[in-house]
Amino acid sequence: MLVVQPPATAIPVAPSKREERSAFDIQVIRPYFGAVMVRIRGALDADSAPQVRSALSTWAHRRFPVLVLDLSGVDFLDGAGLAALGGIQARVVRENATLRIVTGDNRVVRRALSASGLDHALNVSRLPSGWERATEIPGQS
């Protein structure tokens, strides 16, 4: 009979990144000066990307000139989330509106956008506070 015992110096297994992520949440903030603001928290990945697209499609048909996505609370962003952002940008352009991405000081989101090249294609702003300024329509003061 073979008996296997764990080594005396067992290394504890760190929890996976998936377990450390906060719960996914989408908050649509009422129209503010002609804009719709959507605050996303948690992981923007293959599981949550359809929910983001669905939430934004309900507001897109209302023809607001500015859509602001606050990603400062996103703690994980993968290829599916980036693809969702690209699709949202394409839809906003088709509807002659403006998309603003607010990241705050979120290094996870800024790094993912930079690595994918979407930081150049999207209108990305840090705006750590007072992010309502992102709703200003370009060319109007």
Side-chain angles (χ1 to χ4, degrees), residues 2-141:
L2 178 65
V3 177
V4 178
Q5 293 183 344
T9 58
I11 300 170
V13 177
S16 72
K17 295 275 185 191
R18 186 77 171 155
E19 293 172 12
E20 293 174 5
R21 296 181 199 152
S22 57
F24 179 75
D25 179 49
I26 299 176
Q27 180 184 14
V28 178
I29 301 178
R30 63 181 172 79
Y32 181 87
F33 294 114
V36 171
M37 294 179 276
V38 179
R39 181 176 289 147
I40 300 172
R41 292 189 180 129
L44 182 49
D45 56 9
D47 295 334
S48 60
Q51 294 174 16
V52 171
R53 282 191 216 101
S54 175
L56 296 176
S57 68
T58 61
W59 288 94
H61 72 278
R62 297 186 184 178
R63 305 275 184 224
F64 291 99
V66 180
L67 171 63
V68 179
L69 293 181
D70 181 357
L71 303 181
S72 60
V74 170
D75 57 13
F76 179 79
L77 180 58
D78 70 359
L82 292 168
L85 293 176
I88 292 164
Q89 169 68 11
R91 181 171 183 168
V92 167
V93 166
R94 279 194 311 268
E95 296 180 0
N96 295 319
T98 301
L99 174 66
R100 303 280 173 91
I101 305 288
V102 175
T103 63
D105 290 328
N106 189 327
R107 297 172 89 195
V108 170
V109 172
R110 295 189 72 80
R111 191 175 305 136
L113 291 173
S114 177
S116 67
L118 279 176
D119 58 338
H120 297 295
L122 300 173
N123 187 351
V124 179
S125 175
R126 285 189 174 200
L127 292 179
S129 62
W131 55 278
E132 290 83 1
R133 290 178 290 149
T135 63
E136 295 171 359
I137 299 172
Q140 294 184 1
S141 296

**Prompt:** Distance from S48 atom OG to D78 atom CG, nearest 0.5 Å?
**Reply:**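 S48 atom OG to D78 atom CG measures 7.5 Å (nearest 0.5 Å).
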**Prompt:** Going from CG on L118 to CD1 on I101, what distance comes out if it is rounded to the nearest 0.5 angstrom?
**Reply:**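 Answer rounded to 0.5 Å: 9.0 Å.
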**Prompt:** Just wondering, do L67 and V38 contact through their side chains at under 4.5 Å, heavy atoms?
**Reply:**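 Heavy-atom side-chain distance check passes, below 4.5 Å.
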**Prompt:** How far apart are the closest heavy atoms of R100 and T98, and which atoms are they?
**Reply:**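 Smallest heavy-atom distance, with atoms named: NE-CG2, 3.5 Å.
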**Item:** Heavy-atom closest pair, residues F24 and I40
**Value:**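 Shortest heavy-atom contact: CE1-CG2, 3.7 Å.
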**side-chain contact (heavy atoms from CB on, under 4.5 Å) evaluation trace for V52 with I26** = CA-CA 7 Å; V52 171; I26 299 176; 4.0 Å; yes
Check for a donor-acceptor pair, side chain of [X] on one end and backbone N or O of [Y] on the other, with a separation under 3.5 Å.
| X | Y | answer |
| --- | --- | --- |
| D70 | R39 | no |
| N106 | V74 | yes |
| T103 | R110 | no |

**Item:** CA sep, side-chain torsions, deciding dist, call: L113, L85, side-chain contact (heavy atoms from CB on, under 4.5 Å)
**Value:** CA-CA 10 Å; L113 291 173; L85 293 176; 4.1 Å; yes
**Message:** Which residues pass the side-chain hydrogen bond (donor to acceptor under 3.5 Å, both in side chains) test with S116, not counting sequence neighbours?
**Reply:**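 Checked S116 against side-chain hydrogen bond (donor to acceptor under 3.5 Å, both in side chains); zero matches.
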**R41: partners by side-chain hydrogen bond (donor to acceptor under 3.5 Å, both in side chains), with sequence neighbours left out** =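 Once residues adjacent in sequence are excluded, R41 has no partner under the side-chain hydrogen bond (donor to acceptor under 3.5 Å, both in side chains) criterion.
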**Message:** Under the rule for side-chain contact (heavy atoms from CB on, under 4.5 Å), what residues qualify as partners of A90, not counting sequence neighbours?
**Reply:**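 Applying side-chain contact (heavy atoms from CB on, under 4.5 Å) to A90 gives R94.
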**Asked** Taking only residues two or more places apart in sequence or in another chain, which ones pass side-chain contact (heavy atoms from CB on, under 4.5 Å) with R53?
**Response**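 side-chain contact (heavy atoms from CB on, under 4.5 Å) check on R53 returns A49, P50, A84.
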**Message:** With side-chain contact (heavy atoms from CB on, under 4.5 Å) as the test, pick out the partner of L69 among L122, L99, V102.
**Reply:**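 Single side-chain contact (heavy atoms from CB on, under 4.5 Å) partner of L69 among L122, L99, V102: L99.
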